[in-house]
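A quick write-up on the structure given underneath.
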Amino acid sequence: MKYWLMKSEPSEVSIDHLASRSGQTVDWFGVRNYAARNFLREMKTGDLAFFYHSSCPEPGIAGVVTVVREAYPDPTQFDPNDAHFDPKSPKEAPRWSTVDVKLMKKVNLVPLAVLRTRSDLADMLILQKGNRLSVTPVSPDHWRILQSMLT
DNA sequence: GCCAACGTTGGC
DNA sequence: GCCAACGTTGGC
């Protein structure tokens, strides 16, 4: 089993949106970056991920989710009315994938500013300068450390 | 709103 | 294949 960190803008899908959905499940639509997409395709049912709020007043880890459906074509790439429409994505070989994730637990936000104070987390991908990947792997060590910080 | 960093596009 | 231009991300 692997560990991940997945960014979402709370104005699009927040941890509370997820909690209020039927089955507390949502599909991770809209990833349009090849490196992030490749990580989505590596995910297996049962993998765990931190749900991270980005591009908002207080970015940070807001919850834990688990993968309940492995990668399948992201339907929004074929919808001309969707902001994530990709006219160049071939129907027979869809460019973009999504997975379904289910809420495990909501936690008290662990702010990015706190993550940055931790020398034992300094090499997390999310904390590297210029990192913009919306889906990143998390090492078992980092996962364990972060678990102990969640309340 | 600013801006650094990065990814993608497209001309050559 | 190079690289300039452009668009996007995302923290601050």
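All values below were derived from every heavy atom in this structure, side-chain atoms included, with hydrogens, water molecules and symmetry-related copies excluded. Lettering of chains follows the sequences in order, A, B, ..., and the numbering in each one begins at 1.
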**OP:** Could you verify whether a donor N or O on one side chain and an acceptor N or O on the other, from A:T76 and A:D74, lie under 3.5 Å apart?
**Re:** yes

Original post:
Over its full length, what angle do the end axes of the helix from B:dG1-C:dC12 to B:dC12-C:dG1 make, each axis taken from five pairs and the result rounded to 10 degrees?
Top reply: 10°

Original post:
Under 3.5 Å, is there a donor-acceptor pair between the side chain of A:Q24 and the main chain of A:L18?
Top reply: no

Original post:
Along nucleotides 7-12 of chain C, 5' to 3', which nucleotides get a B, which get an S, and which get a -, given that the test is a protein heavy-atom distance under 4.0 Å?
Top reply: BBBBSS

Ignoring hydrogens and angles, write down the donor-acceptor pairs under 3.5 Å from the side chains of residues 82-89 of chain A, residues two or more places apart or on other chains.
residue	atom	partner	partner atom	Å
A:D82	OD1	A:H84	N	2.7
A:D86	OD1	A:K88	N	2.9
A:D86	OD2	A:R95	NH1	3.3
A:D86	OD2	A:W96	NE1	2.8
A:S89	OG	A:Q77	OE1	2.6
A:S89	OG	A:R95	N	3.0

Subject >> Approximate separation, where rounding is to 0.5 Å, of A:L121 CG and A:L115 CG >> reply: 6.5 Å

Check: residues 104-112 of chain A side-chain donor-acceptor pairs under 3.5 Å, at least two apart:
residue	atom	partner	partner atom	Å
A:K106	NZ	A:D16	OD1	2.8
A:N108	ND2	A:T151	O	3.4
A:N108	ND2	A:T151	OG1	3.2

Original post:
Between CD of A:E70 and CE of A:M43, what distance do you get to the nearest 0.5 Å?
Top reply: 10.5 Å

Using residues 2-9 of chain A as the side-chain source, report each donor-acceptor pair under 3.5 Å to any protein atom, sequence neighbours left out, with the distance given to one decimal.
residue	atom	partner	partner atom	Å
A:W4	NE1	A:D47	OD2	3.0
A:K7	NZ	A:L133	O	3.3
A:S8	OG	A:V13	O	2.6

Original post:
What residues in residues 28-41 of chain A put a non-hydrogen atom under 4.0 Å from any atom of DNA chain B?
Top reply: A:N33, A:Y34

**OP:** Of all the heavy-atom pairs spanning A:T98 and A:P73, show the shortest one and how long it is.
**Re:** CG2-O, 4.2 Å

Original post:
Is there a donor in the side chain of A:S97 and an acceptor in the side chain of A:R37, or the other way round, less than 3.5 Å apart?
Top reply: no

**OP:** State the CG-CE distance between A:D120 and A:M149, to the nearest 0.5 angstrom.
**Re:** 7.5 Å

